[in-house]
Number of protein chains: 2
Amino acid sequence: MIKLDRADVALLEALQVNCRLTSEELSEIAHLSPTACQRRLKRLRAEGVIEADISVVSPKAVGRQITMIVLVSLERERVDIVDRFKAAIRDTREVMIGYYVTGDADFILVITARDMEGYEQFTRRFFYENPDIKGFKTMVVMDRVKAGFAFPIDVD
Amino acid sequence: MIKLDRADVALLEALQVNCRLTSEELSEIAHLSPTACQRRLKRLRAEGVIEADISVVSPKAVGRQITMIVLVSLERERVDIVDRFKAAIRDTREVMIGYYVTGDADFILVITARDMEGYEQFTRRFFYENPDIKGFKTMVVMDRVKAGFAFPIDVD
DNA sequence: ATTGTTACGCAGGATTTATGCATATTGGAC
DNA sequence: GTCCAATATGCATAAATCCTGCGTAACAAT
């Protein structure tokens with residue numbers, strides 16, 4: 001785990017919400033000069049603390065009308081099967097989020113599709129044609145109440 | 001739904017992965033001048049197609065060792081109760097993602113905590129003390145296989 | 001205390017973004 | 001098809017922002 005001071009935390013919390021802030025704006029938040037802020041960000045990105053800087057696109061605005069939560073159970077929890085499914089998740093662009101979990105299912109996925117027909121086609125390709133999968137259960141997202149990855153960060 | 005041409009799509013798909021690309025880099029992707037790319041992004045942001053530009057921070061790197069998926073069931077599916085819980089989701093920073101869903105549960109949440117103790121404290125505050133909640137079920141995330149919001153976008 | 005390392009702020013250069021203008025393209029009416 | 005208004009484009013340039021080098025300050029170890 002990386003050692004973070006108060007300024008790092010302030011920067012990270014701000015950037016989790018808006019990563020297009022200028023160094024000037026960040027300097028006000030972190031109480032450092034703009035240059036120091038830049039350097040810290042450079043370090044935080046190099047160290048993998050900041051994993052990515054991404055734009056969140058509204059699925060609905062671009063024609064992806066449905067979002068599905070899918071609980072997936074595998075035939076067996078063997079390492080090779082798990083790893084194979086992890087790779088499938090990473091290689092499949094319709095899968096926005098994929099977590100390997102304990103509990104009711106082995107994996108939980110968040111998937112977008114144009115419509116139900118699109119989702120059905122996806123299930124055919126991704127689930128039914130995959131012999132590693134024992135079953136899956138779908139929940140339709142009716143409202144993306146909150147979609148982000150921001151969380152509170154504590155000073156070390 | 002917003003009308004998107006090939007260039008818009010190329011831009012959006014690139015920015016879903018990396019929103020720190022320069023206009024020059026984007027111009028190569030979209031086959032437009034850098035200025036035109038800037039204008040398109042300005043429009044896409046103004047129209048809400050791009051909802052946010054965010055940095056994804058590694059929870060583990062900053063001491064948030066556990067991520068939980070929580071299925072929440074409400075006492076009743078009355079509008080006021082649902083809206084109240086949606087507001088609670090939005091107001092609670094530990095909740096990174098919150099979807100209102102059909103199926104086994106009413107809501108599905110993604111929550112980070114420092115450790116099990118931190119998660120327990122959170123459940124006390126957020127679930128047990130909320131009379132609107134009938135029950136909740138937790139799944140521990142063992143591997144954040146894929147965490148992002150990128151999906152494929154079709155040309156209109 | 002000293003010393004070495006790391007981080008800082010400042011100044012200035014390099015790069016990127018924003019803006020205004022002229023021109024090109026597109027969409028709608030006929 | 002033509003014509004015209006609206007919209008989008010690329011270019012040039014101004015403004016803003018980022019990056020780098022340097023000297024100094026701060027910190028950690030002894």
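Naming: A, B, ... by sequence-line order, numbering from 1 per chain.
- To the nearest 0.5 Å, atoms OG (A:Ser23) and CZ (A:Arg39) are separated by 11.0 Å.
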Run the side chain to side chain contact (heavy atoms under 4.5 Å, CB included) check on A:Lys134 and A:Asp106 step by step: do they pass?
CA-CA 10 Å; A:Lys134 182 163 75 173; A:Asp106 298 311; over 6 Å; no

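- Relative ring orientation between A:Phe127 and A:Phe136 is described as parallel, the plane-to-plane angle staying below 30° on a 0-90° scale split at 30° and 60°.
- Atom pair B:Leu26:CG and C:dA18:P shows a separation of 12 Å (rounding to whole Å applied).
- Heavy-atom contacts of chain A under 4.0 Å fall on DNA chain D between two terminal nucleotides, which in 5' to 3' order are D:dT17 to D:dC22.
- DNA chain D is contacted by B:Arg39, B:Arg40 of residues 39-50 of chain B, taking any non-hydrogen atom closer than 4.0 Å.
- For A:Leu11 and C:dC8, the CG to P distance is 10 Å, given to the nearest whole Å.
- For the atom pair B:Thr123 OG1 and B:Glu129 CD, the distance stands at 9.5 Å (nearest 0.5 Å).
- Annotation: the terminal axes of the helix from C:dA1-D:dT30 to C:dC30-D:dG1 meet at 60°, where each axis is the rotation carrying the C1' atoms of four end pairs onto the next four (5 pairs per end, rounded to 10°).
- Here the CD atom belonging to B:Gln16 is positioned 9.0 Å from the CE atom belonging to A:Met96, to the nearest 0.5 angstrom.
- With a 4.5 Å cut-off on side-chain heavy atoms, B:Thr138 and B:Tyr119 count as touching.
- Here the straight-line distance linking atom CE of A:Met142 with atom CZ of B:Phe107 works out to 8.0 Å at 0.5 Å rounding.
- A salt bridge between A:Arg45 and A:Asp53 is present, with a side-chain N of the basic residue lying under 4.0 Å from a carboxylate O of the acidic one.
- For the pair B:Leu32 CG and C:dT25 C1', the interatomic distance rounds to 13 Å; values are reported in whole Å.
- Rounded to a whole Å, the CG atom of A:Asp8 is 16 Å from the P atom of C:dT6.
- Within the 4.5 Å cutoff, no side-chain heavy atoms of A:Glu25 are placed close to those of A:Arg20.
- With contacts defined as side-chain heavy-atom distances shorter than 4.5 Å, the pair B:Val57/A:Val49 qualifies.
- With sequence neighbours excluded, the residues forming a side chain to side chain donor-acceptor pair (under 3.5 Å) with B:Arg144 are A:Glu51, listed by chain and number.
- Judged as a side chain to side chain donor-acceptor pair (under 3.5 Å), and not counting sequence neighbours, the contacts of B:Asp5 are B:Arg40.
- One distance of note links CG of A:Asn130 with CD of A:Glu75; it measures 9.5 Å at 0.5 Å rounding.
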Measure all distances between protein nitrogen or oxygen atoms and nitrogen or oxygen atoms of nucleotides 14-17 of chain C, and list the pairs falling under 3.5 Å.
from	atom 1	to	atom 2	distance (Å)
C:dT17	OP2	B:Ser23	N	2.9
C:dT17	OP2	B:Ser23	OG	2.9

